[in-house]
Amino acid sequence: MADVLLLDIEDSVQPLQNKQIARDNIIRYVQSGVFKNRAIYPRINDRESGELLKDIYQLTIPGITGFMYPKSVKGEDIYFIGKLLETVEYEKGYPIGTFKLIPLIETTGAVMNIKDICMACTRVVAVAFGCEDYVTNLQGKHDSSGESIFAARSIIALSARACNVFPIDTVHIKVHDLDDLERNLILSKKLGFEGMLVLNPKELPLVHQYYSPNEEEINWATEMLALSDTVVKEGKGVAVKDNKFIGPPMVKMAKNILDKRDLIVNQKNV
């Protein structure tokens, strides 16, 4: 099961008159309770579309967590959406900041402005990479090794983490090639991504496997915190204990692993 449902009313909803049908469907399904206890982020239309205000005004309802905003180019795009949401929240009686944002990074300009995008609004909880539009804008070429998008992936993950925002990796286009998906997941995790956009449910088991702490990581983290407690009781800040280096960075990493494990367990119990 996916952790977040991104219900599209942007590029995949054509022709234009179908966008209202899409909004109506989202409202109907959310209000029916079928998405109860799920994080729901509709992918809304951009500022130039003429549909943005209708998207936001109609879909700011109980059961919607926030919105994925496409074609983010500058921080001012996200600031604008944040202020628009603030106005709607005030009018509808929601606490200011109720609805969160996930900007979609799809252009070379967005990659270069990623830090401003992450910091433009406190509603931003994550940023996601859209590789297809990015490569088109770059006038580059997809390659099997992913060299054409490596720099963008690195910059997005690095900048998002620097801003305390979750980086979400791009979709895996070859949905039936699970070996290639696994190669991408190994690299994605090394780069620091927190998750990945998923096109096909068959990809979910592998995606969960790589972004969830495994047994070895959990055992290491548990042992690291136990050894850290011993070191602290001995009045040391940094030490080698049982042939393991114990220091603040390792302790923080261990806590992150166990926090993620607990979050996953709690989510499953909802």
| query | Can you find a side-chain donor-acceptor pair between Ser72 and Asp77 that sits under 3.5 Å? | reply | no

| request: Could you tell me whether the side chain of Asp46 and the main chain of Lys71 form a donor-acceptor pair under 3.5 Å? | output: no

| query | Are Ile257 and Asp259 side-chain neighbours, meaning at least one heavy-atom pair lies under 4.5 Å? | reply | no

| query | Can you tell me if Ser148 uses its side chain to pair, donor with acceptor, with the backbone of Lys141 under 3.5 Å? | reply | yes

| request: Please check if Met68 and Leu85 belong to a single hydrophobic cluster, counting links between Ile, Leu, Val, Met, Phe, Trp and Tyr side chain heavy atoms closer than 4.5 Å. | output: no

| query | Going by atom types only, do Ser12 and Asp8 share a side-chain donor-acceptor pair under 3.5 Å? | reply | yes

| Can you find a heavy atom in the side chain of Cys121 that is under 4.5 Å from one in the side chain of Ile81? | no

| field | From Ile105 atom CD1 to Cys131 atom SG, the distance as rounded to the nearest 0.5 Å | value | 13.5 Å

| task | For Asp180 and Arg183, run salt bridge (Lys or Arg N to Asp or Glu O under 4.0 Å): C-alpha distance rounded to whole Å, both residues' side-chain angles, the deciding distance at 0.1 Å, then the answer. | result | CA-CA 5 Å; Asp180 187 63; Arg183 285 191 291 272; 3.3 Å; yes

| remark: Between the CD atom in Glu194 and the CD1 atom in Ile168, the distance rounded to the nearest 0.5 Å is 6.5 Å

| query | Centres of the Phe193 and Phe166 rings: under 6.0 Å? | reply | no

| said: Are more than 12 heavy atoms, taken from residues, nucleotides or ligands other than Lys74, located less than 6.0 Å from that residue's NZ atom? | reply: no

| At their closest point, which heavy atom of Cys118 faces which heavy atom of Ala160, and how far apart are they? | SG-CA, 4.0 Å

| message | When you group the ILVMFWY residues by side-chain heavy-atom contacts below 4.5 Å and let the links chain together, are Met119 and Val165 in the same group? | response | no

| task | Mark yes or no for whether Lys115, through its side chain, and Met112, through its backbone, hold a donor-acceptor pair below 3.5 Å. | result | no

| query | Taking C-beta and beyond as the side chain, do Asp169 and Leu197 meet within less than 4.5 Å on heavy atoms? | reply | no

| Same cluster or not: are Ile149 and Val198 linked, directly or through other Ile, Leu, Val, Met, Phe, Trp or Tyr residues, by side-chain heavy atoms under 4.5 angstrom apart? | yes

| message | Let's go through Asn214 and Glu217 carefully: what are the C-alpha distance in whole Å and the side-chain angles of both, what is the deciding distance for side chain to side chain contact (heavy atoms under 4.5 Å, CB included) to 0.1 Å, and is it a yes or a no? | response | CA-CA 5 Å; Asn214 58 41; Glu217 290 171 326; 3.2 Å; yes

| note | CG of Leu225 to CE of Met253, rounded to nearest 0.5 Å, is 12.0 Å

| said: Is it the case that the side chains of Gln20 and Asp24 hold a donor-acceptor pair, with the cut-off being a distance below 3.5 Å and no angle test? | reply: yes

| task | Would you confirm whether Asn113, through its side chain, and Asp116, through its main-chain N or O, come within 3.5 Å as a donor-acceptor pair? | result | no

| Are any side-chain N or O atoms of Arg38 and backbone N or O atoms of Ala2, one a donor and one an acceptor, separated by less than 3.5 Å? | yes

| field | Any side-chain donor near an acceptor of the partner, Thr170 and Tyr134, under 3.5 Å | value | no

| said: Met224 vs Lys255, test: side chain to side chain contact (heavy atoms under 4.5 Å, CB included). Steps then yes/no. | reply: CA-CA 9 Å; Met224 181 61 60; Lys255 288 179 178 177; over 6 Å; no

| request: For Tyr211, look at atom OH and say whether over 12 heavy atoms of other residues, nucleotides or ligands are found less than 6.0 Å away. | output: yes

| said: Please evaluate residues Leu7 and Arg43 with respect to the criterion side chain to side chain contact (heavy atoms under 4.5 Å, CB included), reporting the C-alpha separation (whole Å), side-chain torsions for both, the decisive distance (0.1 Å), and the verdict. | reply: CA-CA 6 Å; Leu7 308 178; Arg43 182 169 78 158; over 6 Å; no

| query | Val135 and His142: which non-hydrogen atoms are nearest, and at how many Å? | reply | CG2-CE1, 3.7 Å

| task | Rounded to the nearest 0.5 Å, what's the gap from CD1 on Ile78 to CD1 on Ile102? Could you check? | result | 11.0 Å

| query | OG/Ser212 to NZ/Lys260 distance, rounded to the nearest 0.5 angstrom? | reply | 8.0 Å

| Between Lys92 and Tyr57, is NZ or CZ placed under 6.0 angstrom from the six-membered ring centre and within 45° of the ring axis? | yes

| Is there a side-chain contact between Ile26 and Ile9 (heavy atoms, below 4.5 Å)? | yes

| said: What I'd like to find out is whether the side chain of Ile117 reaches to under 4.5 Å of the side chain of Val124, using heavy atoms alone. | reply: no

| query | Ignoring hydrogens and geometry, is there a side-chain-to-backbone donor-acceptor pair from Thr60 to Ile56 under 3.5 Å? | reply | yes

| field | Non-hydrogen atoms of Thr107 and Ala110 that approach each other most closely | value | OG1-N, 3.0 Å

| query | More than 12 foreign heavy atoms under 6.0 Å from OH of Tyr79: is that the case here? | reply | no

| query | Are Ile44 and Glu10 side-chain neighbours, meaning at least one heavy-atom pair lies under 4.5 Å? | reply | no

| task | Walk me through it: do Ser159 and Ile155 pass the test side chain to side chain contact (heavy atoms under 4.5 Å, CB included)? | result | CA-CA 6 Å; Ser159 300; Ile155 292 169; 3.9 Å; yes

| field | Main-chain N/O of Glu203 paired to Asn200 side chain as donor or acceptor, under 3.5 Å | value | no

| query | Side chains of Pro42 and Ile64: does their closest heavy-atom pair fall under 4.5 Å? | reply | yes

| field | Taking every non-hydrogen atom, the tightest pair across Leu101 and Tyr41 | value | N-CE2, 4.4 Å

| More than 12 heavy atoms of other residues, nucleotides or ligands under 6.0 Å from CD of Gln14: is that the case? | yes

| field | Shared hydrophobic cluster for Val13 and Ile21 (ILVMFWY, side-chain gaps under 4.5 Å) | value | no

| With the 4.5 Å side-chain cut-off for hydrophobic clustering, are Leu104 and Ile40 part of the same group? | no

| said: Can you confirm whether Lys189 is buried at NZ, in the sense that more than 12 heavy atoms of other residues, nucleotides or ligands lie under 6.0 Å from that atom? | reply: yes

| query | Should the pair Arg47 and Phe80 be classed as cation-pi, given the thresholds of under 6.0 Å to the six-membered ring centre and 45° from the axis? | reply | yes

| said: Which heavy atom of Ser228 sits nearest to which heavy atom of Val251, and what is that distance? | reply: OG-CG2, 3.5 Å

| query | Do Asp55 side-chain atoms and Asn45 backbone N/O form a donor-acceptor pair below 3.5 Å? | reply | yes

| said: Are there over 12 heavy-atom neighbours, none belonging to Gln17, within less than 6.0 Å of that residue's CD? | reply: yes

| message | Below 30° counts as parallel, above 60° as perpendicular, anything between as tilted: where do the rings of Phe99 and Phe67 land? | response | tilted

| said: Quick one about Gln209 and Glu182 (side-chain donor to acceptor, distance below 3.5 Å, no hydrogens or angles considered), yes or no? | reply: no

| query | Within a strict 4.5 Å, meaning less than it, do heavy atoms of the Asp177 and Leu181 side chains meet? | reply | no

| request: Compare every heavy atom of Pro167 with every heavy atom of Ala157, then report the nearest pair and how far apart it is. | output: CA-CB, 3.7 Å

| Are any side-chain N or O atoms of Glu89 and backbone N or O atoms of Thr98, one a donor and one an acceptor, separated by less than 3.5 Å? | yes

| query | For the side chain of Ser32 and the backbone of Tyr29, is there at least one donor-acceptor N/O pair under 3.5 Å apart? | reply | yes

| message | If I take atom NZ from residue Lys19 and atom CD from residue Gln58, how far apart are they, to the nearest 0.5 angstrom? | response | 13.0 Å

